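First the structure, in the form of structure tokens, and then the observations on it.
We count ligands from 1, going down the list as the structure has it; atoms in each ligand are counted the same way. Remember, predicted model here, so these are calculated numbers, not experimental data.
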Amino acid sequence: MEFQYHLPVNLIFGKGKASLIGEKTAEYGKKALIVTGGNSTRKSGLLNRTQSLLNQAGVTSYVFDEVTPNPMTTTVYQGAEITVKEGCDVVVAIGGGSSIDAGKAIAFQTVNGGDINDYIFGIKSSTKALPVIAVPTTCGTGSEGNGFAVLTNPETHDKKSLRCNAIVPACSIIDPELMMTMPKNVLVSVGFDALCHNIDAYISRVSQPLTDMMALYGASLAAENVLKLAENPADEIAWENLSLASTLGGMVINTAGVTALHGLEHPVSGLRDIVHGRGLASLAPVVFTRSIHGNPGKFAALSHAIGGKDENDFVAVLITLMEKLGVYAPLSSYGITKNDVDWLTDNALKISAAGIAWHPVVFTREEIRQIYLDALDSAI
Ligand SMILES: [Zn+2]
């Protein structure tokens, strides 16, 4: 056995821990750029609370609330310009995965400048970024636990992550109480995403003992608790468990990567701005049906983890879960047509080459085309 595991992550987990935002930020800077989306953190009061906690800790702040779902590279440039102009030396990212990803990328862009696509596509690299304090309000992307920032280039529709340890948050405060206001339609899609990160990493060809342990536990926690919450959103223990599953999912993909499910989904939400978790659901039955023979032992373990018997019932158990969550619809219902399939296939091979190579079955171009075609209308 041989492996290297390096993930310099600093997690503070627990109900009520958001009260530490001010003092934790003060350890890293004097003026914070608060990065968030337009609405939800303002409505929930978290934005106000963050500003006053920073204030009490002697940290001044400037609010950048331009982040949209599927955050764009252009938004990152805008945020970085403001960070420089305002003289901010630390980024506090509050909100869903989009806000955390945008905050991490702004922290990177502020220090490194230039064309961020060069770093996304590995033409250039850097080990520097401003420190980031991440405070997630959804439990899905796990961005608080890794060095990824998924960004969409609005000109090319390429949706691909910037990946480096410099953007692993200096401190992530995971407070399950902040998740509890999530509406059910958001909960089911982010919860399903958390499950898929753990599945993707678990079946990866570059997985290793530490990621396997976390991913299998994360998959089991995600499946059980997203379902509990869809039925009873007042279940506090389930919120804790799903939050942990989400963070674990983020951590394992940092090391083991995502595989073909995420690799094929990113072109879909890059092209049509579809909710990521729902794009995953549209593709999952088709992708996994064609993957099980590549690693039956791992699919058997995953099946156990989500309530099934062995590799043969994995897809059926997953479909039952998706039906209970109401998260599934065929790709065509999101406006994807046959005419998009060649672009999706080419784009998957362009932006997700690693994820496709790490999948238990390495799909050919023609097989990828066929997966998209079958996911257009497949009834589950
Ligand atoms: Zn995802």
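The line from CG of L280 to OH of Y328 is 13.0 Å long, rounded to the nearest 0.5 Å. Summarising the geometry, atom CG belonging to L349 is positioned 5.0 Å from atom CD1 belonging to I356; distances are rounded to the nearest 0.5 Å. How far CG of L195 is from CG of L325: 9.0 Å, rounded to the nearest 0.5 Å.
Residue H262 counts as close to the Zn ion (ligand 1), with an N, O or S atom under 2.8 Å.
Each of S98, P154, S269 was evaluated against N70; a single residue qualifies, S269, per the side-chain contact (heavy atoms from CB on, under 4.5 Å) test.
Restricting H197 to its N, O or S atoms, the one at the least distance from the Zn ion (ligand 1) is NE2. For D193, the N/O/S atom at the shortest distance from the Zn ion (ligand 1) is named OD1.
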